[in-house]
Number of protein chains: 2
Amino acid sequence: MAVTMNDVARAAGVSLKTVSNVINNYEFIRPATKQRVLDAIDELGYETNLTARSLRSGKTSMLGLVLADLSIPYYAELASDIMKAAWARGYRVLVEQSGNEAEHEQAALQGQFRSLTDGLLFIPLALDAEQIIAAAGKKPLVLLGEFVQDPRLDMVLIQNQEAAAAVTTHLLEGGRRRIAVLGAHDGDEAGSNGLRLRGYRAALAAAGVAYDPALVVPCDWRRDAGADATARLLDSGVEFDAVFGLNDALALGALHELLVRGRKVPEEIAVAGFDDIDESRFASPSLTTVAPGRAEIAERSVELLIQRIESKDAVANVEQPEAVFELRIRQSAP
Amino acid sequence: MAVTMNDVARAAGVSLKTVSNVINNYEFIRPATKQRVLDAIDELGYETNLTARSLRSGKTSMLGLVLADLSIPYYAELASDIMKAAWARGYRVLVEQSGNEAEHEQAALQGQFRSLTDGLLFIPLALDAEQIIAAAGKKPLVLLGEFVQDPRLDMVLIQNQEAAAAVTTHLLEGGRRRIAVLGAHDGDEAGSNGLRLRGYRAALAAAGVAYDPALVVPCDWRRDAGADATARLLDSGVEFDAVFGLNDALALGALHELLVRGRKVPEEIAVAGFDDIDESRFASPSLTTVAPGRAEIAERSVELLIQRIESKDAVANVEQPEAVFELRIRQSAP
DNA sequence: CTGAAAGCGCTTACAG
DNA sequence: CTGAAAGCGCTTACAG
């Protein structure tokens with residue numbers, strides 16, 4: 001079968017332990033011995049069996065990443081960054097698609113999936129904080145994505161409220177006064193939707209512009225839903241001179257619908273989004289949006305999770321670092 | 001530490017082997033015994049340690065997937081489908097991003113990555129067939145993506161030539177006669193680019209339309225490159241009434257550039273692509289393109305790979321199934 | 001139908 | 001600096 005450490009030890013005329021020492025870069029090995037082992041490894045084409053290492057050491061060097069679906073660009077781009085960040089630190093990432101279903105999220109939190117990984121990055125969509133805490137085992141867990149907020153859980157935050165306020169302020173400074181919001185209910189307080197809506201309201205208030213609930217349109221955070229919501233808004237006769245999609249998919253859907261209806265963007269109606277997915281740069285017109293700091297989110301969440309995995313003291317305080325956002329001003333709302 | 005099979009055996013008053021039998025659904029167990037074991041599992045919260053199972057059985061039940069980068073929508077969407085197909089058959093997928101670099105592809109083919117997986121799905125971009133055959137170990141390998149074609153390797157094909165001909169014929173039937181091609185060199189014969197170019201030429205020939213090398217613009221298969229190529233084409237003064245992007249990214253880049261320059265699509269210039277990524281449906285105007293059968297590619301490649309993993313006979317013939325394509329006619333080229 | 005034993009290929013104390 | 005032994009938690013022949 002495969003070449004094992006035993007074969008290498010025999011070929012190099014040393015013990016198993018010495019081979020292990022060489023492989024794991026143990027410092028105090030006589031250079032000549034080390035060279036002999038390295039030569040033997042080369043000659044035999046030996047490769048470490050990672051499964052065996054995992055079983056013995058109790059570490060898999062894999063992180064789990066639970067998200068809804070990789071076919072959603074924001075998640076795919078985040079996953080890509082997370083994989084790179086993990087790789088740079090000697091970890092691999094095993095992705096699990098929840099399909100936005102509570103059952104799958106639950107399974108990912110407690111099932112065998114966890115025995116394959118040292119810790120979990122989790123973008124919850126269906127479960128709430130209580131359910132997550134109940135289902136989570138003892139292995140480290142870091143949340144992403146903001147649908148869940150809880151002081152008991154490690155998570156990487158984005159500045160939802162501040163960023164949404166910045167987008168709104170930018171639209172107001174461009175002379176817009178009737179800014180429609182796609183993707184929230186009038187009363188929302190929590191979650192990304194609630195926080196972004198709060199930012200929107202705060203910016204309006206700061207500018208002395210009245211808040212009109214008729215401009216707030218609830219819908220799923222998908223492109224087709226954004227197009228539909230825009231259509232309903234246009235048909236309803238409510239007047240508006242700007243659309244703020246609470247994510248880019250919504251904003252791109254709005255853009256599409258407005259262009260289909262022959263409305264000029266940004267002349268008649270400005271459009272802005274939230275996320276800065278790659279596509280926003282290439283839309284026609286290109287989309288003004290907020291970059292929530294994807295690379296930074298990836299870096300910090302991986303860093304925090306690995307810190308939890310590798311630290312001895314179990315009594316660490318909960319950490320909730322915030323990534324820095326940036327406004328990206330493009331053609332749809334110059 | 002964790003609950004082991006031993007703990008379960010003790011609690012249920014049976015041997016290790018019996019617990020193993022229950023877990024692995026061995027048929028002939030007395031129902032009462034089985035129930036006792038299941039109760040013990042439940043009570044203790046036992047979960048199989050997959051690492052230990054892998055080490056002993058020599059099977060990881062994981063498939064490797066090597067692709068350039070998940071942030072590229074086509075790959076992300078394909079990865080999503082592949083993960084679902086694998087999941088349905090009891091396998092997980094471990095994704096490795098090559099970043100389109102030969103060194104990384106090489107590492108994925110032979111490195112420790114392989115000891116974590118039972119087989120590999122590989123979308124080669126940098127390595128050629130010889131290099132792949134030289135680097136590949138003994139574990140099963142199935143290729144995707146068409147940059148490499150070789151009779152010695154299992155792969156799932158798409159009908160590049162036929163599909164490109166169908167797109168071209170559709171443009172010709174719409175009255176277009178000067179169809180620019182983005183993403184190939186005039187002389188290309190092999191790879192997706194060569195095959196698609198061949199399909200284009202075949203369709204022209206069938207319609208009795210002359211082939212003009214000035215209409216063939218080489219560039220990377222990225223959106224910005226498609227926009228640049230379109231800009232160069234417009235600036236060069238070469239006349240054209242349609243653009244065929246050899247993938248959707250190129251076509252979407254062309255669409256963007258044409259709209260920026262104030263050219264009407266499809267009235268003045270029709271645009272078509274290849275891939276049917278989700279975004280093409282939502283572009284403005286929506287993009288006419290070819291769906292190469294992504295779900296089918298995912299299904300068949302996973303199926304073929306698992307067949308290789310699980311079959312005993314090593315002397316199987318090379319298989320190269322072809323996925324069926326479909327033309328998606330939308331606004332950009334009705 | 002069920003048990004007792006061996007062993008997958010490593011790492012980890014324990015010695016020296 | 002290096003060795004000999006134990007053991008991570010399973011599955012797999014081998015018995016009965």
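Side chains included, hydrogens not; waters and symmetry mates left out as well; all remaining heavy atoms used. Just so we're on the same page: letters track the sequence lines, and every chain starts at 1.
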Looking at [options], which one has an atom nearest to any side-chain atom of [X]?
X      : options                   : answer
K17(A) : dC10(C), dA4(C), dA13(C)  : dA13(C)
R53(A) : dG3(C), dT2(D), dC10(C)   : dC10(C)
Y46(A) : dA4(C), dC10(C), dC8(C)   : dC10(C)
T18(B) : dC10(D), dG3(C), dT12(C)  : dG3(C)
R56(B) : dT11(C), dC10(C), dT12(D) : dT12(D)
S20(B) : dT2(C), dT12(C), dT12(D)  : dT12(D)
S15(A) : dG3(D), dC10(C), dT2(C)   : dG3(D)
N24(A) : dT11(C), dG9(D), dT11(D)  : dT11(C)

Just the rounded figure in Å: distance from [atom2] of [N] to [atom1] of [X].
X      : N       : atom1 : atom2 : value
L16(A) : dC8(C)  : CG    : P     : 12 Å
N21(B) : dA13(D) : CG    : P     : 13 Å
N6(A)  : dA4(D)  : CG    : C1'   : 12 Å
L55(A) : dC10(C) : CG    : C1'   : 8 Å
K34(A) : dC1(D)  : NZ    : P     : 12 Å
K59(A) : dC8(D)  : NZ    : P     : 20 Å
M5(B)  : dG3(C)  : CE    : C1'   : 13 Å
R10(A) : dG3(D)  : CZ    : P     : 14 Å

Rounded P spacing from dA13(D) to dC1(C) in Å: 22 Å
Heavy-atom donor-acceptor pair, S80(B) side chain to A76(B) backbone, under 3.5 Å: no
Donor-acceptor under 3.5 Å (D7(A) side chain, T4(A) main chain): yes
side-chain N/O T51(A) vs dG9(C) OP1/OP2, d < 4.0 Å: no
Rounded distance (nearest 0.5 Å) linking atom CG of L109(A) with atom CG of L141(A): 6.5 Å
Flag for D69(A)-S71(A): side-chain donor and acceptor within less than 3.5 Å: yes
Under 3.5 Å on both distances, the Watson-Crick or G-U partner of dT2(C): dA15(D)
R89(A) versus V302(A), closest heavy-atom pair with distance: CD-CG1, 3.9 Å
Touch class at under 4.0 angstrom, heavy-atom based, for T33(B) against every strand present: sugar-phosphate
